[in-house]
Student: 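Dropping the structure in here first, questions after.
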Amino acid sequence: MLQTQYIRDNRDRVLDGLLKRNIKDAGKQIAEVLKTDEERRAAQSARDEALSRSKTQAREIGQLMQAGKKEEAEAARVATQQDKALSKDLTEKVGLLEEKLRSLLYNIPNVPNENVPAGTVADDNEVVGQWGEAPTLYDGATPHWDLIKKYDIIDFDLGNKIAGAGFPVYKGKGARIQRAMINFFLDEAREAGYIEIQPPIFINEASGYGTGQLPDKEGQMYHMTVDNLYAIPTAEVPITNIYRDEVLNEKALPVKNVGYTPCFRREAGAWGANVRGLNRLHQFDKVEIVQITTPEASYEALTKMIDHVTGLLQKLELPYRVLNLCGGDLGFTAAQTFDMEVYSAAQKKWLEVSSVSNFETYQANRLKLRYKNGDGRIQLLHTLNGSGLALPRVLAALLENNQSEKGIKIPEVLVPYTGFEWID
RNA sequence: GGAGAGGUGACCGAGUGGUUGAAGGUGCUCGCCUGGAAAGUGAGUGUACUCUUUAUUAGGGGUACCGAGGGUUCGAAUCCCUCUCUCUCCGCCA
């Protein structure tokens with residue numbers, strides 16, 4: 001969430017940013033925040049004053065008691081009753097206002113940075129990079145949902161039987177290529193300086209709030225009500241929450257973590273057209289990279305993360321483009337996001353395989369993730385994360401782009417991991 | 001599932017009703033020592049909110065905070081209640 005102080009000091013900047021996200025009542029929301037904040041401060045001043053008085057009185061009574069002046073102490077004691085009731089009321093009032101302010105802030109998304117293009121829909125995203133050429137496929141080429149049946153490597157019907165739609169079963173070379181990609185991605189990240197983490201795949205409520213999945217994406221996560229745990233939608237959640245409520249030493253920065261986890265998404269209401277095959281699943285595998293840096297270093301880190309991800313795609317020989325997401329397409333918590341899309345020749349469309357974002361202090365503020373800088377001042381850090389990479393759509397593109405009469409050719413870099421060169 | 005113990009500052013760890021925001025240690029910052037470092041040694045080192053001050057990446061004041069919430073009391077880290085988390089033992093299991 002945004003910092004109240006920041007909104008107070010940069011009202012116009014915040015407003016402009018929210019308008020870039022096409023939030024129509026941004027002015028009203030910000031005015032409400034500022035008004036609540038003002039009420040809160042007034043209430044706090046009043047409360048502090050009342051409490052200060054009580055405290056002084058208590059100290060005096062203590063002294064009288066010790067001096068043995070019982071009667072005077074007793075008189076003073078009676079006199080405190082009124083202030084006590086007053087400060088209790090005021091404390092309650094402050095609490096309510098704080099809660100109101102927090103819930104207002106929870107519903108205000110991050111302010112896009114100045115390089116985020118204006119726009120409302122995905123078509124307004126700005127293409128900032130492109131690599132590779134779409135392959136020309138042979139006559140018998142088909143989309144991946146046919147290929148997986150032809151080679152019997154992924155079985156949706158079996159998934160239906162044992163879990164439900166969107167929970168595919170990977171078989172034989174299908175399972176092995178999954179394992180191969182995971183290892184390849186993890187090794188590449190390690191070589192780029194990321195520490196590998198294997199986090200829990202269920203998280204508690206506090207973690208959900210920490211990274212912003214709660215309260216606004218409540219319905220998108222699988223929730224185990226018996227133990228009040230949520231299945232993670234991405235490794236970003238448990239990995240970033242490692243650093244919740246932490247004050248890091250500047251020397252420990254930047255934090256660079258990578259983790260492989262299955263990801264679970266209910267995709268409530270998203271099922272329908274254009275989600276065939278591997279394009280959208282309830283459970284999928286992803287290798288996630290996370291960085292925590294100082295504010296000064298975060299945009300350079302973002303660039304490096306994009307380079308890392310595009311490097312992976314180049315090694316996999318998959319044609320891709322890089323998009324600078326427009327205000328309207330930006331996720332709730334991001335200040336800037338770049339999407340990597342791979343071209344899937346048989347579907348003749350771009351598939352998002354990675355999304356790399358800088359959240360600036362938005363997550364860190366909720367997480368209370370800070371560091372002590374050289375001057376000894378405590379400051380919020382910047383958090384960033386990106387997929388490096390999500391498997392299903394990479395696999396879809398790989399199957400489709402590499403198909404021929406002979407079968408599906410495995411990219412060279414993956415062969416040492418798969419142990420086979422062809423799916424045939 | 002049953003029983004017990006415990007959650008204190010960046011970290012470890014004292015502290016059972018009145019200068020305790022909190023001993024001591026570690027870490028960190030600055031200095032001494034050193035050719036340089038280590039060791040040793042001296043000093044400093046809470047966070048959040050808030051008010052105020054032309055000492056303004058600063059000074060001064062106030063309030064809150066010892067897992068969370070509530071209660072008792074003139075006064076609570078310290079007493080009581082509820083919740084929560086962690087640990088240990090037993091049970092069950094891998």
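Naming convention: chains lettered A, B, ... in sequence-line order (proteins, then strands); numbering from 1 in each chain.
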Student: Heavy atoms only, 4.0 Å cut-off, all strands: where does A:Arg8 land among base, sugar-phosphate and nothing?
Tutor: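 Since only primed, P, OP1 and OP2 atoms lie under 4.0 Å of A:Arg8, the category is sugar-phosphate.
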Student: With rounding to the nearest 0.5 angstrom, report the CG to CD distance, A:Asn125 to A:Glu352.
Tutor: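 One finds 9.5 Å between CG of A:Asn125 and CD of A:Glu352.
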Student: With a 3.5 Å limit on both atom pairs, tell me what B:U78 is paired to, counting Watson-Crick and G-U wobble, or say none.
Tutor: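 Across all strands, not a single nucleotide pairs with B:U78.
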Student: Protein within reach of the bases, or only the backbone? For nucleotides 79-88 of chain B, mark each nucleotide 5' to 3' as B, S or -, using heavy atoms under 4.0 Å.
Tutor: ----------
Student: Please give the nucleotide sitting opposite B:A55 as a Watson-Crick or G-U wobble pair, both distances under 3.5 Å, or none.
Tutor: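 Matched B:A55 with nothing under the 3.5 Å cut-off.
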Student: Hunt down the Watson-Crick or G-U wobble partner of B:G4, both distances under 3.5 Å, from any strand shown, or write none.
Tutor: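 Pairing partner: B:C87.
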Student: Please determine, for the side chain of A:Arg370, which listed nucleotide (B:U47, B:U50, B:A64) has the closest atom?
Tutor: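 Closest of the options to the side chain of A:Arg370: B:U47.
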Student: Using both distances under 3.5 Å as the test, list the Watson-Crick or G-U wobble partner of B:U73, or none.
Tutor: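 By the stated definition (distances under 3.5 Å), nothing pairs with B:U73.
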Student: Please measure how far the P atom in B:G62 lies from the corresponding atom in B:U20, and state the result in whole Å.
Tutor: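 Pairwise P distance, B:G62 against B:U20, rounds to 16 Å.
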Student: So what does A:Arg59 touch, heavy atoms closer than 4.0 Å: a base, only the sugar-phosphate, or nothing?
Tutor: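 No contact at all - A:Arg59 keeps every heavy atom at 4.0 Å or more from the nucleic acid.
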Student: Would you tell me if any nitrogen or oxygen in the side chain of A:Ser45 comes within less than 4.0 Å of OP1 or OP2 on B:U50?
Tutor: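 Looking at the OP1 and OP2 atoms of B:U50, neither is under 4.0 Å from any side-chain N or O of A:Ser45.
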Student: Which heavy-atom pair separates A:Tyr260 from A:Asp285 by the least distance, and what is that distance?
Tutor: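 Result for this residue pair: OH-OD1, 2.5 Å.
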Student: Find which nucleotide of RNA chain B each of A:Asp245 and A:Glu98 is nearest to by heavy atoms, and output the residue with the more 5' nucleotide.
Tutor: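 Here A:Asp245 is the residue nearer the 5' end.
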Student: Compare side-chain N and O positions of A:Lys55 against OP1 and OP2 of B:A64 and report whether any pair is under 4.0 Å apart.
Tutor: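 Yes, A:Lys55 has a side-chain N/O under 4.0 Å of OP1/OP2 on B:A64.
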Student: Please set out all donor-acceptor pairs under 3.5 angstrom arising from side-chain atoms of residues 179-191 of chain A, sequence neighbours excluded.
Tutor:
from, atom 1, to, atom 2, distance (Å)
A:Asn183, ND2, A:Arg179, O, 3.4
A:Asp187, OD1, A:Arg190, NH1, 3.1
A:Asp187, OD2, A:Tyr417, OH, 2.7
A:Glu188, OE1, A:Lys315, NZ, 2.8
A:Glu188, OE2, A:Lys315, NZ, 3.4

Student: Using purine N1 to pyrimidine N3 plus N6-O4 or O6-N4 for Watson-Crick, or N1-O2 and O6-N3 for G-U wobble, both under 3.5 Å, which nucleotide pairs with B:G27?
Tutor: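 The answer is B:U45, by the H-bond criterion.
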Student: State the pairing partner of B:G35; accept Watson-Crick or G-U wobble contacts with both distances under 3.5 Å, and report none otherwise.
Tutor: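 Check on B:G35: unpaired, no WC or wobble geometry under 3.5 Å.
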Student: Determine whether any donor atom in the side chain of A:Gln57 lies under 3.5 Å from an acceptor atom in the base of B:C74, or the reverse, and answer yes or no.
Tutor: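 Looking at the base of B:C74, it does not pair with any donor or acceptor on the side chain of A:Gln57 (distance under 3.5 Å).
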Student: Would you verify whether the NZ or CZ of A:Lys173 falls within 45 degrees of the ring axis of A:Tyr151 while also being under 6.0 Å from that six-membered ring's centre?
Tutor: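 No.
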Student: Check the orientation of A:Tyr222 and A:Phe167. Use parallel for under 30°, tilted for 30 to 60°, and perpendicular for over 60°.
Tutor: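 A:Tyr222 and A:Phe167: tilted rings.
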Student: When A:His144 is tested against each of A:Glu400, A:Lys150, A:Lys149, A:Arg276 for side-chain contact (heavy atoms from CB on, under 4.5 Å), which residue passes?
Tutor: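 Passing option: A:Glu400.
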Student: In whole angstrom, what separates A:Gln379's CD from B:G46's P?
Tutor: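 A:Gln379 atom CD is separated from B:G46 atom P by 18 Å.
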Student: When the P atoms of B:U19 and B:A64 are considered, how many whole Å apart are they?
Tutor: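 My reading of the P atoms in B:U19 and B:A64 gives 14 Å.
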Student: With rounding to whole Å, what would you report as the distance between B:A22 and B:C12 at their C1' atoms?
Tutor: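 B:A22 and B:C12 have their C1' atoms separated by 15 Å.
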Student: According to a strict under-4.0 Å criterion, is A:Arg40 in side-chain N/O contact with OP1 or OP2 of B:C49?
Tutor: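 A:Arg40 to B:C49 OP1/OP2: no side-chain N or O under 4.0 Å.
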Student: When the P atoms of B:G9 and B:A5 are considered, how many whole Å apart are they?
Tutor: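 Pairwise P distance, B:G9 against B:A5, rounds to 22 Å.
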Student: I'd like to know if A:Asp157 pairs up with A:Lys161 as an ion pair, taking the criterion as any Lys NZ or Arg NE/NH1/NH2 lying under 4.0 Å from an Asp or Glu carboxylate oxygen.
Tutor: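 Answer for the salt bridge query: no.
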Student: Can you tell me which nucleotide in B:G18, B:A10, B:C49 comes closest to the side chain of A:Val247?
Tutor: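 Of the options given, the side chain of A:Val247 lies nearest B:A10.
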Student: By nearest atom, which of the nucleotides B:G71, B:U50, B:A64 is closest to the A:Asp37 side chain?
Tutor: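 The nucleotide sitting nearest to the side chain is B:U50.
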Student: Taking atom C1' in both B:A14 and B:U26, what distance in whole Å separates the two?
Tutor: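 Comparing C1' positions in B:A14 and B:U26 gives a spacing of 15 Å.
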Student: My understanding is that only one of A:Thr383, A:Asn385, A:Thr337 makes a side chain to side chain donor-acceptor pair (under 3.5 Å) with A:Ser357; could you say which?
Tutor: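 So, applying the side chain to side chain donor-acceptor pair (under 3.5 Å) to A:Ser357 and each of A:Thr383, A:Asn385, A:Thr337, only A:Thr337 qualifies.
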Student: So what does A:Lys88 touch, heavy atoms closer than 4.0 Å: a base, only the sugar-phosphate, or nothing?
Tutor: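 Counting heavy atoms under 4.0 Å across all strands, the contact made by A:Lys88 is with sugar-phosphate only.
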Student: Apply side-chain hydrogen bond (donor to acceptor under 3.5 Å, both in side chains) to A:Asn365 and list each qualifying residue two or more places apart in sequence or on a separate chain.
Tutor: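 Partners of A:Asn365 under the side-chain hydrogen bond (donor to acceptor under 3.5 Å, both in side chains) test: none.
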Student: Closest approach to the side chain of A:Ile378, judged atom by atom: which nucleotide of B:C74, B:A48, B:A64 is it?
Tutor: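 Minimum distance to the A:Ile378 side chain belongs to B:A48.
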